[in-house]
Amino acid sequence: MVPQRIKQFYMNITDTMKKEDYDYVNKILNEKEMNWFLKLSKSEQKHSLRNATDIENIIDSNLISNEVILNNKESLKRASLLHDIGKSRKRLNVFDKSIIVILNKLTKGNLIKFKKSKKIQCYYRHSEYSYEILKDILDDKIILNIAKNHHNESDDEIIKFFKSIDDKN
């Protein structure tokens with residue numbers, strides 16, 4: 001877990017959004033969705049983009065045979081770009097997020113009890129926030145389910161697949 005977190009930290013401070021990245025995102029999201037995407041920090045945008053391109057590459061490379069996942073490629077790509085938009089409610093920079101991740105580990109999850117910190121609450125509740133935003137702008141049940149549950153344990157094969165990609169990025 002620690003090496004993965006170090007890799008994520010490094011990616012977040014070095015990887016930047018480029019014109020071709022925004023061109024890719026523009027092909028997937030409509031104008032309203034794009035406006036929400038642009039409210040994310042650049043590191044969150046890039047994280048979401050990595051998720052979308054990984055999903056596309058895995059599906060296009062025939063690395064999986066699950067028909068449910070294969071048949072929902074476009075929803076999975078859109079979900080990748082939108083699943084964390086709840087983080088726009090209270091932006092966390094890379095250092096804020098790193099400190100919260102460390103404190104979360106040290107407190108064994110009890111950090112959530114700090115109700116007055118909007119940053120801490122956004123870290124823990126961004127899935128709920130994302131769902132609340134998205135339910136008013138789209139009606140794709142797959143995207144809504146991913147936004148709401150991408151950090152929860154689930155038997156849903158789409159959630160499990162998405163979570164494996166999200167956790168890696």
Side-chain angles (χ1 to χ4, degrees), residues 1-12 14-89 92 94 97 101 122-169:
M1 180 62 141
V2 172
Q4 179 62 23
R5 288 295 190 180
I6 292 169
K7 177 185 170 193
Q8 287 174 335
F9 177 80
Y10 179 77
M11 285 191 308
N12 282 331
T14 60
D15 207 0
T16 59
M17 289 292 287
K18 298 173 179 70
K19 182 189 179 311
E20 56 267 20
D21 295 332
Y22 288 111
D23 291 343
Y24 176 87
V25 174
N26 265 315
K27 291 177 185 171
I28 298 168
L29 300 181
N30 66 36
E31 186 177 350
K32 191 177 277 190
E33 294 164 350
M34 187 65 173
N35 288 334
W36 278 105
F37 179 81
L38 293 174
K39 291 179 183 182
L40 290 170
S41 69
K42 300 293 184 208
S43 64
E44 293 297 342
Q45 289 176 14
K46 194 64 180 194
H47 159 75
S48 298
L49 175 71
R50 282 192 301 270
N51 284 352
T53 57
D54 281 0
I55 284 171
E56 183 172 43
N57 290 335
I58 289 167
I59 291 173
D60 290 351
S61 300
N62 297 315
L63 294 174
I64 57 169
S65 58
N66 183 310
E67 288 296 321
V68 174
I69 292 168
L70 294 172
N71 292 334
N72 287 289
K73 175 181 160 184
E74 295 308 313
S75 288
L76 282 160
K77 286 178 9 185
R78 279 179 64 216
S80 295
L81 298 171
L82 298 170
H83 75 286
D84 278 341
I85 62 169
K87 290 180 179 180
S88 65
R89 191 169 186 177
L92 299 173
V94 176
K97 186 175 175 184
V101 166
C122 192
Y123 171 79
Y124 280 105
R125 300 183 65 208
H126 74 271
S127 298
E128 294 170 47
Y129 300 161
S130 295
Y131 174 79
E132 289 302 315
I133 293 165
L134 291 172
K135 73 180 176 65
D136 293 333
I137 64 171
L138 55 86
D139 61 356
D140 187 314
K141 288 182 171 111
I142 290 170
I143 297 172
L144 292 173
N145 191 34
I146 289 170
K148 191 175 192 176
N149 295 299
H150 69 275
H151 287 294
N152 299 334
E153 292 303 318
S154 176
D155 291 331
D156 183 296
E157 50 201 319
I158 289 180
I159 296 291
K160 286 199 285 193
F161 172 71
F162 186 88
K163 193 173 178 333
S164 72
I165 302 300
D166 190 41
D167 289 348
K168 183 180 78 159
N169 285 307

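Judged as a side chain to side chain donor-acceptor pair (under 3.5 Å), and not counting sequence neighbours, Y131 has no contacts. K42 is linked by a side chain to side chain donor-acceptor pair (under 3.5 Å) to Y22, counting only residues two or more places apart in sequence or in another chain.
Considering only heavy atoms from C-beta on, L76 comes within 4.5 Å of I146 through its side chain. Looking at heavy atoms from C-beta onward, K87 lies in side-chain contact with K97 at the 4.5 angstrom threshold. Taking 4.5 Å as the limit, some side-chain heavy atom of D84 sits within range of a side-chain heavy atom of H126. Within the 4.5 Å cutoff, the side chain of F161 has heavy atoms near those of the I55 side chain. For the pair E33/I85, no side-chain contact is recorded, criterion being any heavy-atom separation below 4.5 Å from C-beta on. In this structure, I158 and N145 have side chains that are not in contact, with every pair of non-hydrogen atoms separated by 4.5 Å or more. Contact check for R89 versus E128: no side-chain heavy atoms found under the 4.5 Å cut-off.
Checked by atom type and distance alone, the side chain of N72 never pairs as donor or acceptor with a backbone atom of S75 at under 3.5 Å. Looking only at distances, no side-chain donor or acceptor of N149 sits under 3.5 Å from a matching main-chain atom of N152. A donor-acceptor contact shorter than 3.5 Å links the side chain of D21 to the backbone of K18. Between the side chain of D166 and the backbone N or O of F162, no donor-acceptor pair lies under 3.5 Å. Side-chain atoms of T53 come within 3.5 Å of backbone N or O of R50 as a donor-acceptor pair.
If you check the side chains of N169 and D54, you find a donor sitting under 3.5 Å from an acceptor.
Annotation for K46: atom NZ counts as buried by contact number, over 12 foreign heavy atoms lying within 6.0 Å. Surrounding NZ of K32 are at most 12 heavy atoms belonging to other residues, nucleotides or ligands under 6.0 Å away. Environment of CD in E153: sparse, with no more than 12 heavy atoms of neighbouring residues, nucleotides or ligands closer than 6.0 Å. The environment of D136 atom CG is dense: over 12 non-hydrogen atoms of other residues, nucleotides or ligands sit within 6.0 angstrom.
In summary, K77 and E74 engage in a salt bridge, as defined by a charged side-chain N under 4.0 Å from a carboxylate O. At a threshold of 4.0 Å, the pair D23-K27 does not count as salt-bridged, since none of the basic side-chain nitrogens sits closer than that to a carboxylate oxygen.
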